[in-house]
Amino acid sequence: MTAGDLRSQGNIVLPFNAACEIADLSRSTMYRLINAGRGPRVLKLSERRVGVRRDDLDAWLAGRKHGSAG
């Protein structure tokens, strides 16, 4: 499954790498935004894995678009 396939999915939990690919950001940039409180909400999936709900990612991306337009 590619990130393009995931774009049409509903409220699923995306692996962190897929969320980064959809957002067109590197892992380090995404982590930097999250740690600064300016990234999407993440879910701890296990001791060493996080994921992002697709709906949360979409809302965050929409907010970034509106924020950069003004």
Side-chain angles (χ1 to χ4, degrees):
M1 184 177 285
T2 66
D5 297 331
L6 294 171
R7 290 177 206 265
S8 62
Q9 302 287 326
N11 192 21
I12 61 171
V13 176
L14 301 170
F16 190 74
N17 288 343
C20 292
E21 187 175 331
I22 291 167
D24 197 27
L25 295 172
S26 69
R27 288 174 49 91
S28 59
T29 298
M30 183 73 94
Y31 276 124
R32 193 175 311 117
L33 290 169
I34 290 167
N35 289 334
R38 298 185 302 136
R41 187 171 63 174
V42 296
L43 303 170
K44 187 170 183 175
L45 302 176
S46 70
E47 180 79 23
R48 296 175 49 169
R49 291 189 65 200
V50 295
V52 180
R53 281 195 181 98
R54 180 60 207 234
D55 288 349
D56 291 342
L57 180 64
D58 289 342
W60 177 73
L61 289 171
R64 284 178 53 94
K65 276 188 179 177
H66 288 102
S68 65

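In this chain, numbering begins with 1 at the start of the sequence shown.
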In the structure I gave you, are the side-chain heavy atoms of Lys65 and Leu61 within less than 4.5 Å of one another anywhere?
no
Closest heavy-atom contact between Arg54 and Ile22?
NH1-CD1, 3.2 Å
Contacts of Arg48 meeting side-chain contact (heavy atoms from CB on, under 4.5 Å) (sequence neighbours excluded), chain-then-number -> none
Selection residues 28-47 - residue pairs positive for salt bridge (charged side-chain N to carboxylate O under 4.0 Å, His left out), sequence neighbours left out
Arg41-Asp56
Please enumerate all residues that pass side-chain contact (heavy atoms from CB on, under 4.5 Å) together with Ile34, with sequence neighbours excluded.
Phe16, Met30, Pro40, Val42
Mind checking whether Ile12 and Val52 sit in one hydrophobic cluster, side chains of I, L, V, M, F, W, Y counted as touching below 4.5 Å?
yes
For Asp24, does the CG atom sit with more than 12 other heavy atoms under 6.0 Å from it, leaving out its own atoms?
no
Output for pair (Leu57 CG, Asn11 CG), nearest 0.5 Å, gives 11.0 Å
Would you please name every residue forming a side chain to side chain donor-acceptor pair (under 3.5 Å) with Ser26, sequence neighbours left out?
Ser28, Thr29
Same apolar cluster (I L V M F W Y, side chains within < 4.5 Å links), Tyr31/Trp60:
yes
